[in-house]
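Below: one structure, written as structure tokens.
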Amino acid sequence: MQVGHPHNQFYRPSVPFTQGISGSLSDGTVLVISGTVSHHGDTFSVNLQCDHCAPSENIALHFNPRFSEGGVVVCNTKERNQWGKEERKHEMPFHKGHRFEIRILVNHHCYMVSVNGKHFVEYKHRIPLHRVNAVHITGHVELENVSFQGPGGFPPSFPPSTCPPGGSFNPYPTPQFPPHCQQCPVPYHSHLNGGCYPSKVITISGTIPHHAKRFTVNLKFHGGIAFHLNPRFDENAIVRNSYLNNNWGSEERGGAMPFCKGQGFMIVISCEHHCFSVTVNGQHLFNYNHRVPHFQQIDQLEVDGDVVLQYVQA
């Protein structure tokens, strides 16, 4: 299930895709891009840029998988039409003809990029966030969905183009989005189609209120709670547990507190064969071994407490 504001989503847009961003990027903003790499594809790129032009002279984040160079992902920044120093990762998480999902979480000091539910790379800001006002996607890729969650988003239209001759963009694209999109309520409840299984990924992003004391994420089944994730600001701890046979089990604690009051977050819970693997803001936090052996029966997600939800995908 995917939840978000409908005006912040484009469903099956054409490529190249260029769209403005309203407001300014800030902690907790998440750009989600899903699609399929073309069978004949050699490269594609995602650009967070400082104008609506294509090509742009100022790109804050250039994320560029290249199959033609033996499988490498290049990140860079372009200012005044001059590229900076490349940052290369010789690892290719994309496959020709296969579906992918990219999530770019905006942090106050960097962009945190995950691919298919796993943290991939961090890229420190070289251009201030307030200058970033558009996203441009091009190359050998078919897009399924492009959406912003959290602060910022897609406005209904742009001001007139100021691109130099040769640059172009569509100033009034028509937003399209899947049905049943809405703001995320708290308490939040969702059914997990097919239950949990290896490779199942649940993503939750939002903001912690300044007054927050605690919030919970529960993965539930008919007999109780298989996984209880409970950040407690009043104890500066993250408690993990299970509620089985009408009793709480042994608590698990330890590890740093990655959540901060007044700031955004992104939780990624990956179901693996022996455990739930939990990543927060792109950093692996802990593993929680399964206490419910038949985890396919875990088919409910619940989020409650002192939290503002902006995006849930399960």
Side-chain angles (χ1 to χ4, degrees), residues 1-2 4 8-19 21 29-49 54-56 59-78 83 86-106 111-123 132 134-149 154 168-170 173 175-178 194 197-203 205 266 268 270-272 279 282 311 313-314:
M1 179 177 182
Q2 182 170 303
N8 285 346
Q9 296 199 56
F10 287 81
Y11 187 60
R12 298 194 182 282
S14 59
V15 177
F17 170 83
T18 306
Q19 177 61 40
I21 302 169
T29 302
V30 182
L31 172 62
V32 183
I33 303 162
S34 62
T36 303
V37 180
S38 301
H39 287 280
H40 63 278
D42 288 328
T43 184
F44 72 93
S45 62
V46 176
N47 299 310
L48 292 178
Q49 52 192 50
S56 172
I59 300 175
L61 170 63
H62 174 69
F63 181 82
N64 179 209
R66 300 178 184 176
F67 296 93
S68 57
E69 298 184 20
V72 63
V73 177
V74 175
C75 293
N76 207 343
T77 294
K78 183 165 70 170
W83 287 106
E86 288 185 345
E87 297 182 16
R88 288 176 166 244
K89 187 162 184 178
H90 292 274
E91 179 182 338
M92 178 54 72
F94 304 95
H95 302 279
K96 295 182 180 182
H98 287 229
R99 187 182 181 276
F100 66 83
E101 183 182 78
I102 301 169
R103 292 174 183 269
I104 302 175
L105 170 65
V106 180
Y111 297 104
M112 307 176 77
V113 184
S114 67
V115 179
N116 299 333
K118 294 184 178 181
H119 177 66
F120 183 70
V121 71
E122 293 183 10
Y123 185 80
V132 181
V135 58
H136 175 69
I137 303 170
T138 188
H140 300 134
V141 65
E142 296 177 6
L143 293 176
E144 177 182 310
N145 185 68
V146 180
S147 66
F148 261 105
Q149 311 299 333
F154 295 138
S168 64
F169 77 106
N170 180 4
Q176 293 180 302
F177 46 88
Y197 47 86
S199 78
K200 173 73 173 181
V201 176
I202 297 168
T203 303
S205 67
M266 182 168 68
V268 177
S270 301
C271 181
E272 300 180 358
T279 297
Y311 182 81
Q313 186 178 56

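Just so you know, these numbers use all the heavy atoms, side chains as well, and skip hydrogens, waters and symmetry mates. Values in this document were obtained by computation on a predicted structure and should not be read as measured data.
Heavy atoms of other residues, nucleotides or ligands lying less than 6.0 angstrom from NZ of Lys118 number 12 at most.
At a threshold of 4.5 Å between non-hydrogen side-chain atoms, the residues Val73 and Pro93 count as touching. By the 4.5 Å heavy-atom criterion applied to side chains, Val15 and Phe44 are not counted as neighbours. Contact check for Phe17 versus Ile33: no side-chain heavy atoms found under the 4.5 Å cut-off. Considering only heavy atoms from C-beta on, Thr36 stays 4.5 Å or farther from Glu144 through its side chain. Here the side chains of Ser205 and Leu105 are not in contact, with every heavy-atom distance at 4.5 Å or above.
With rounding to the nearest 0.5 angstrom, the CG atom of Leu61 is 5.5 Å from the CD1 atom of Ile104. In this structure, NZ on Lys200 lies 11.0 Å from OG on Ser270, to the nearest 0.5 angstrom. The line from NE2 of His140 to NE2 of His39 is 13.5 Å long, rounded to the nearest 0.5 Å.
Heavy-atom minimum distance, Arg88 versus Arg66: NH2-NH1, 3.3 Å. The nearest pair of heavy atoms linking Asn64 to Ser45 is ND2-CB, 4.0 Å. Scanning both residues, Asn116 and Arg99, for their nearest heavy atoms gives OD1-O, 4.3 Å.
The closest donor-acceptor contact from the side chain of Lys89 to the backbone of Phe120 lies under 3.5 Å. In this structure a side-chain-to-backbone donor-acceptor pair under 3.5 Å is present from Tyr123 to Thr77. Looking only at distances, a side-chain donor or acceptor of Thr43 sits under 3.5 Å from a matching main-chain atom of Pro65.
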Original post:
How far apart are the C-alpha atoms of Val146 and Gln19, what are their side-chain angles, what is the distance that settles it, and do they pass the side chain to side chain contact (heavy atoms under 4.5 Å, CB included) test?
Top reply: CA-CA 10 Å; Val146 180; Gln19 177 61 40; over 6 Å; no

Subject >> Residues Val141, Phe100; criterion side chain to side chain contact (heavy atoms under 4.5 Å, CB included); working and verdict >> reply: CA-CA 10 Å; Val141 65; Phe100 66 83; 3.5 Å; yes

